[in-house]
**Student:** 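One structure, as structure tokens, below. Some questions next.
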Amino acid sequence: MRLSQQLFVTFREEPADAEVRSHALMARAGFILKLGAGLYVYGPMMWRVLRKIEQIVREEHDQAGCQELLMPAVQPRELWDESGRWERYVNDGILFHFRDRKGSEVCLGPTHEEVITHFVRKQVQSWKQLPVTLYQIQTKFRDEIRPRFGLMRGREFIMKDAYSFDATEEAMQESYAKMRQVYRNIFSRCGLRFTAVEADSGAIGGSGSEEFMVDAETGEDAIAVCHETGYAANIEKAASRIAHSGAKPEKVEMHKEPTPGAKTCEDLLKLFPDLGIERLLKTVLYEAVWEDHTQTVAVMCRGDRELNEVKLLNHLNALKLELADEKQVRAATGAEPGFAGPIGLSEDVRILADSSVDGAQGFLCGGNETDTHWLDVWFGRDLEQPETADFGVVQAGDETVCGKGKIEITRGIEVGHIFQLGTKYSEAMDASFLDENQKTLPLWMGCYGIGVSRVAASAIEQNHDEGGMIWPLPIAPYQVLIVQMKAGVEEQDALCAELEKELESSGVDVLVDDRKKVSPGAKFKDADLIGIPLRIVVGRDAGDRKVEWSPRSGGEKEVVSAEEALERVIAKVKAECGK
Ligand code: ATP
Ligand code: MG
């Protein structure tokens with residue numbers, strides 16, 4: 001392919017809203033163009049990348065026996081009423097929905113559990129047809145609260161979604177294990193460094209779930225990892241063992257302490273320097289929303305720990321959880337914000353505690369009275385210990401639950417997510433089959449997503465430098481770039497044409513920069529920006545069949561023979577892009 005014959009434009013300026021390098025570089029290189037918040041045109045180079053990722057995704061799914069299909073993006077509300085998810089998605093604001101000309105409500109699919117369950121309940125009748133795993137690669141629509149980071153969090157994006165259907169729970173687990181391996185193969189083949197982590201199942205529901213995280217400092221997700229034990233979990237889900245000093249304070253009676261203006265643990269530690277953080281318990285007030293009611297929930301935890309709202313939301317089985325506002329705090333405590341505690345809260349407040357309060361003795365907590373705290377409070381003596389569970393955020397340095405290692409916090413970009421859904425959708429939507437004994441049973445489901453467009457962005461987040469993008473060879477728009485120093489010079493024209501032909505006939509994707517009115521300096525700048533991983537420069541020595549070998553990164557420039565350059569490219573492509 002000749003660059004002189006392509007629409008190819010690069011920009012010096014970064015978009016003003018580019019917060020991460022992948023966004024800035026893709027926009028500068030003309031790979032993407034913003035149409036609106038979270039909406040992008042994929043330019044020709046970008047489309048090549050996306051199709052390469054899709055190809056890898058297809059090959060790995062097909063090889064594992066999955067079948068590709070395509071479902072409509074427009075979905076009728078009725079299906080979502082059957083699964084019970086319409087209200088929740090509308091409430092969250094994530095669903096693009098509208099009425100058609102007949103007045104029927106429809107949405108643009110943010111995901112396809114309902115449609116696939118409908119398809120399978122019409123198609124599958126007998127255990128003899130199972131197991132089956134179906135997938136599609138298609139555009140998804142989500143009216144994200146904060147579309148950002150370019151292709152990372154779009155409102156319209158490309159996803160591969162797969163769904164498995166099995167006769168039993170064990171068989172579902174087998175399908176899930178198979179897909180986990182499919183995912184490992186896909187991300188390895190894309191040339192990404194990634195970590196598979198335990199994950200929360202979120203609104204989709206179900207039991208077991210793992211996410212595939214591309215390791216990147218700029219990732220939106222925090223991950224708890226332990227190198228000693230191999231533990232890895234999304235911070236939303238991660239659990240740890242919290243150290244207690246075991247110190248036993250004197251058993252004096254609980255009493256009020258004046259704490260004027262002391263609203264944070266820091267303020268309180270200044271007032272009570274001998275107490276130690278383990279004896280400070282904080283109480284955080286939330287407003288929890290369910291389908292038919294709301295309630296204020298007070299959650300206690302140790303002063304040095306933070307609460308994990310995902311764990312709380314799951315425990316409460318609520319739709320939404322928000323920090324209580326000042327009015328709600330006053331109604332619950334009768335005091336200014338900053339003095340909430342478990343003793344003397346309004347009766348309709350539900351009290352919970354994070355397991356970090358286990359073993360807290362003689363502690364200090366809010367007095368539900370402005371400028372006042374209670375000190376020397378004991379569970380069991382002064383109040384019952386509230387319902388306690390793990391509601392905490394894991395912190396760096398915590399011990400793993402097994403006690404065999406220490407937790408570190410790293411960051412990642414979620415590119416894939418796999419779930420065991422169980423019978424949640426099949427029961428709600430009556431998707432069943434007849435087993436060997438002619439008994440009607442619900443299908444066991446799994447679902448598996450990959451953000452195809454996000455994979456492309458995360459590859460650049462992981463691989464770039466000052467000069468531009470560095471595409472991993474297997475998903476690069478072209479595998480090799482031939483930079484012709486001066487187009488129109490006979491020897492250079494001839495050698496470029498020969499190299500191009502040789503490489504193409506070996507199945508290599510070649511791009512030749514044969515632009516006429518562009519200086520070598522500008523060509524090299526563009527070459528660095530678009531990040532084609534392998535590079536051959538054809539210049540002055542073309543007559544002697546000598547070229548410069550200068551890969552985009554991780555290699556020295558070298559003058560080699562044209563034959564040697566060809567061999568190197570073909571060997572690299574074979575080594576890195578093989579199945
Ligand atoms: P996130 O937590 O990032 O919002 P999610 O958990 O809602 O993602 P899933 O429903 O699990 O996402 O979707 C499967 C995959 O689709 C994700 O792992 C991610 O790679 C991708 N994805 C999700 N939302 C977006 C988006 N707004 N833009 C681009 N890719 C996305
Ligand atoms: Mg997810």
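The basis for the numbers below is simple: all heavy atoms, side chains too, and nothing from hydrogens, waters or symmetry mates. All of these numbers come straight from a predicted model, not from anything done at the bench. For ligands, and for the atoms within them, numbers begin at 1 and follow the listed sequence.
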**Student:** For ligand 1, is any non-hydrogen atom under 4.0 Å from Met159's backbone (N, CA, C, O), its side chain (CB onward), both, or neither?
**Tutor:** side chain
**Student:** Salt bridge or not for Arg411 and Glu461, using N-O below 4.0 Å?
**Tutor:**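 Salt bridge absent between Arg411 and Glu461.
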**Student:** Could you tell me whether ligand 1 has any atom less than 4.0 Å away from a heavy atom of Thr111?
**Tutor:**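 The answer is no: ligand 1 sits nowhere under 4.0 Å from a heavy atom of Thr111.
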**Student:** If the contact criterion is a heavy-atom separation under 4.0 Å, does Gly416 count as touching ligand 1?
**Tutor:** yes
**Student:** Check each atom of ligand 1 against the heavy atoms of Leu151 and keep those under 4.0 Å away; list them by number with element.
**Tutor:** 29 (C)
**Student:** Identify whether the distance between the nearest side-chain nitrogen and carboxylate oxygen of Lys178 and Glu174 falls below 4.0 Å.
**Tutor:**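 Salt bridge between Lys178 and Glu174, a charged N being under 4.0 Å from a carboxylate O: no.
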**Student:** Below 4.0 angstrom from a heavy atom of Glu144, which ligand 1 atoms are there? Numbered from 1 as shown, please.
**Tutor:** 24 (N), 26 (C), 27 (N)
**Student:** Count the heavy atoms of every other residue, nucleotide or ligand shown that sit under 6.0 Å from CD of Glu13, and state whether that count exceeds 12.
**Tutor:**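 Atom CD in Glu13 is not packed in, count stays at 12 or less.
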**Student:** Validate the cation-pi geometry between Arg48 and Tyr478: distance from NZ or CZ to the six-membered ring centre under 6.0 Å, angle to the ring axis within 45°.
**Tutor:**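 Yes - Arg48 lies over the ring of Tyr478, closer than 6.0 Å to its centre and within 45° of its axis.
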**Student:** Between Met152 and ligand 1, which part of the residue brings a heavy atom under 4.0 Å of the ligand: side chain, backbone, both or neither?
**Tutor:**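 For Met152, only backbone atoms sit under 4.0 Å from ligand 1.
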**Student:** Would one find more than 12 heavy atoms of other residues, nucleotides or ligands at under 6.0 Å from atom CD of Gln67?
**Tutor:** no
**Student:** Which of the atoms of ligand 1 are close to Gly451, meaning less than 4.0 Å from one of its heavy atoms?
**Tutor:**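 In order of numbering, the contacting atoms are 15 (C), 16 (O), 20 (O), 21 (C).
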**Student:** Taking NZ, NE, NH1 and NH2 as the nitrogens, is one of them in Glu60 or Lys160 under 4.0 Å from a carboxylate oxygen of the other?
**Tutor:**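 No, this pair does not count.
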**Student:** Looking at Glu236 and Lys311, is there a salt bridge between them, counting it only when a charged N and a carboxylate O are closer than 4.0 Å?
**Tutor:**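 No, this pair does not count.
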**Student:** Can you tell me which portion of Glu414 lies within the under-4.0 Å heavy-atom range of ligand 1? Options are side chain, backbone, both, or neither.
**Tutor:**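 It is both parts that get close, each with some atom under 4.0 Å.
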**Student:** I want to confirm something. Looking only at heavy atoms, which of Arg153, Arg454, Arg148 is nearest to atom 25 (C) of ligand 1?
**Tutor:**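 Heavy atom nearest to atom 25 (C) of ligand 1 belongs to Arg454.
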**Student:** Does only the side chain of Arg142 get under 4.0 Å from ligand 1, or the backbone, or both, or neither? Count heavy atoms.
**Tutor:** side chain
**Student:** What atoms of ligand 1 come closer than 4.0 angstrom to any heavy atom of Val415?
**Tutor:** 18 (O), 20 (O)
**Student:** Are Arg21 and Glu466 ion-paired here, with the side-chain N under 4.0 Å from a carboxylate O?
**Tutor:**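 Between Glu466 and Arg21 there is no salt bridge, as every charged N stays at least 4.0 Å from the carboxylate O atoms.
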**Student:** Strictly under 4.0 Å, does any heavy atom of Asp161 approach an atom of ligand 1?
**Tutor:** no
**Student:** Using distance alone, determine whether Gly154 and ligand 1 share an N or O pair under 3.5 Å.
**Tutor:** yes
**Student:** Is it the case that the side chain of Gln462 and the backbone of Asp215 share a donor-acceptor pair, with hydrogens and angles ignored and the cut-off at 3.5 Å?
**Tutor:** yes
